[in-house]
Structures are given as C-alpha cells and as structure tokens.
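Taking it in order: structure first as structure tokens, then the write-up.
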Amino acid sequence: MRRGRATGVAASPPIGYAPFGLVTDPARLDLVRETVVTSHGTTVVHHAPPGGRSGRHRATVMLHGAAGSWTTWTPLLLAAREAAAVVTRPVLIDLPGWGDSPEPDPGLDVASAAAVVVEVAEVLGVTEFDLVGHSMGAFIALHLAATRPDLVLSVSVVSATSFSAIDAVSHPVRGLVRLPAFTLLRAGFGLLPRASVTLLRGAARIGLLRALSAPVFRHVERVPRSVLEAFVAELRPRGFLAASRSGRDYDATRWRGIDCDVAAVGGADDVFARPSDLDRLSTVVRHARTTLLDDCGHFAHVERPHETLRALGWVEG
C-alpha cells in the first residue's frame, strides 16, 4: 500500500449499489469456524486455514461494528473475489456479545475488545496482521495500531465511528445536533434496553424492517433483505452501550503514534459519522489516505464494496 495523504471524494461509478447479500455458509468463502476461549469471553471466529510458509503467520483480521458480525464482511470478500484481489488469510471475528459469541459481563470496552483480537491471533498462530474495521471495529483497529505496533502491519477503516462519536458520547446535547441518530439510539437503549429490543424485533416482524434500517443505508429499498435482517438482529443494547462508553473521554491523540499504513473510507451520507471525521483522521495520522464515497451511508463495504476495495488500495483504481 502507498503512503501519503490523498483525501478526496470518489464519485460512484455504475457498478451497482449493494450488489451482494450476506453469506452465512463459511464454506462458500473457504472459511472454517473455530471457537476460541479468551480472557474476555468465548469468541467465534471464521478464518481461512493457514496457507504455505509465507502466509502462515500473517492474516487479514476483520472486525465488525456494533449491530454486526462476521457476515458483514462477506459482501466485501465477494467483491474482492470478483476483482481477483488477494486477501491474505481472512480472519473474521465475532467479538464477544455479537454474532454467535456469547455476551460477556460486563460488556466489552475498546481495550478489552483489542485484547480479544490479540488472544485470537495468538491461538491461530498469527504473529502479524493487517487490520480491517467497520464502525466500532474501526475504532478498535485504530486503538490496536496505536497500542500494539509490533503486531499491526496496516489498518483499513470503513465508516469509522471516531471523532464525532467520541464527542457525542462526551457531550450528548451537542451530539443531538451533530450526530442525532447515534445520540438518540444510544439514549433509547440506555433508557429501555430490554424493551427496545422487543420493539425492534416486533416491528421487523410486522413489515417495518426497511423502515428500521433506513437511517443507516443511503438506499434502503435496494439493500438485500439478508443485510437488513442481520442489522436488526444484531442491534444489542448492552453491547452497543458498552462500546459507546469507550468513547467517553477517549484520547484520540494517541493515534498520532500510528506508524503503519492507514487507509480510511466513509460514506457522504453516514448518520453515525461526519465527513469531517476523515479530515481529522488525516490530520492526526499524517500519512493516512482517506476517501469519501458519494451516495453511501454507514455500511460502505456493503453499499459500495467495489469502490471500497479501490479506496482501501486492495485493487487498482
């Protein structure tokens, strides 16, 4: 990957919006399922078996966001396969409390989630990795790159919840103005954690699935149903609140110490992040390459997987 700041807006070519549904059978992507017991909870991992000597100890570790699981990365992997892009030994982690991994008590904060990633890598024999993170997973990826530079070779962040989310958690009133969808969801989960899940599931059952998902996708009517069902199923209040609390008073200036390659992509219509977050990231991490995708919401890797591949430098643009 090339270094150098290159922040810009990428217009979307006519490749197609949200062209792939989610893959739930790991064999379709040549992945195997494994359960790893970590100090912060049992963790389900889907990964490619180690290859030859050169690829045995290096992996591409992919971290989902809140309201996500390993399956959220499958559209990007399908796009990579279609584009003949090489992804070195994918390792897709269901962080404790998400996907098929049991919920820990207490919920994971960013430091605990980062520790889980390191422990999973050790069990799988991975000694160095390229990190890919979406939303909350992007936050964890940046934290890991700053705190464990001995392990992290590169970072790719997709639709990261970063500076604006940190500010919204620390200053909720200001968050209502700058990031209202994130702030209101967090408030609703905080007030009625159990009832909110029941209401969400009930609304989905009576045909309001697309309405519930509309805020986070630019064109919700064109998103495959499997994506929407997974999004609503993974809206888990305790995990969401624990993750968001990590942002309170988090010192993002520690990211200045990141020395590996960093590529970031976000959607111009993301309700959980602001375009200015990419500008701030390229200021804090001086060699970061950032791209803002037009006509895209909070799930850039699902809504615009081919464009995301190019923005991250996985394929030639």
Side-chain angles (χ1 to χ4, degrees), residues 1-13 15-20 29 48 58-65 68 70 72-93 117 128-145 152-162 218 255 258-268 270 272-273 275 277-282 284-317:
M1 301 174 71
R2 293 179 290 106
R3 287 185 179 239
R5 182 177 174 184
T7 304
V9 177
S12 302
I15 293 176
Y17 178 86
F20 304 110
L29 292 168
R58 180 172 179 169
T60 302
V61 177
M62 310 181 83
L63 306 176
H64 61 79
W70 74 277
T72 192
W73 292 112
T74 58
L76 190 69
L77 291 177
L78 290 171
R81 179 175 288 185
E82 194 172 87
V86 176
V87 182
T88 304
R89 195 188 176 191
V91 174
L92 285 59
I93 300 176
V117 175
E128 54 185 12
F129 42 79
D130 301 286
L131 273 176
V132 188
H134 168 242
S135 190
M136 168 192 77
F139 196 109
I140 296 166
L142 290 166
H143 180 80
L144 255 175
V152 181
L153 299 175
S154 70
V155 177
S156 297
V157 296
V158 179
S159 306
T161 47
S162 56
R218 179 65 182 88
W255 297 344
I258 297 175
D259 192 47
C260 64
D261 287 316
V262 176
V265 59
D270 192 339
F272 285 173
D277 289 342
L278 288 177
D279 296 331
R280 292 184 65 181
L281 182 64
S282 64
V284 173
V285 183
R286 293 181 181 85
H287 53 268
R289 295 176 292 108
T290 65
T291 304
L292 185 66
L293 296 179
D294 273 340
D295 205 32
C296 182
H298 186 58
F299 282 75
H301 56 311
V302 174
E303 297 174 75
R304 300 289 181 189
H306 294 91
E307 295 90 330
T308 296
L309 287 175
R310 285 200 298 271
L312 297 179
W314 292 18
V315 295
E316 291 298 323

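We're numbering straight along the sequence, starting at 1.
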His134 side chain near His298 side chain, heavy-atom distance below 4.5 Å
yes
Under 4.5 Å between any side-chain heavy atoms of Leu63 and Val132, yes or no?
no
Looking at Arg304 and Asp294, does any basic side-chain N land under 4.0 Å from a carboxylate oxygen?
no
First locate atom CD1 of Ile140, then atom CG of Leu131, and finally report the distance between them rounded to the nearest 0.5 Å.
10.0 Å
Calculate, to the nearest 0.5 Å, the distance between atoms CG and CZ belonging to Asp261 and Arg289 respectively.
6.5 Å
Decide yes or no for Phe129 and Ser154: does some side-chain heavy atom of the first lie under 4.5 Å from some side-chain heavy atom of the second?
no
Which heavy atom in Trp70 sits nearest to a heavy atom in Leu92, and how many Å separate them?
O-CD2, 3.4 Å
Taking all non-hydrogen atoms of both residues, which atom of Ala160 and which atom of Val157 are closest, and how far apart?
CB-CB, 4.4 Å
Minimum-distance pair of heavy atoms, taken over all atoms of Ala300 and Thr308:
O-OG1, 3.1 Å
Could you measure the distance from the CG atom of Leu142 to the CH2 atom of Trp255? Nearest 0.5 Å is fine.
5.0 Å
Trace of the side chain to side chain contact (heavy atoms under 4.5 Å, CB included) decision for Leu76 with Met62:
CA-CA 11 Å; Leu76 190 69; Met62 310 181 83; 4.2 Å; yes
From Ser159 atom OG to Asp277 atom CG, the distance as rounded to the nearest 0.5 Å
11.0 Å
Taking atom CD of Glu303 and atom CG of Leu293, what is their separation to the nearest 0.5 Å?
9.5 Å
Do His306 and Glu82 have side-chain N/O donor and acceptor atoms under 3.5 Å apart?
yes
Side-chain H-bond candidate by donor/acceptor type, His301 with Thr72, under 3.5 Å:
yes
Contact between Asp130 and Arg58 at the side-chain level, heavy atoms closer than 4.5 Å - yes or no?
yes
If you define the side chain from C-beta out and look only at heavy atoms, does anything of Val265 sit under 4.5 Å from Thr290?
no
Test side chain to side chain contact (heavy atoms under 4.5 Å, CB included) on Trp314 and Ser156 and set out the steps.
CA-CA 10 Å; Trp314 292 18; Ser156 297; 3.7 Å; yes
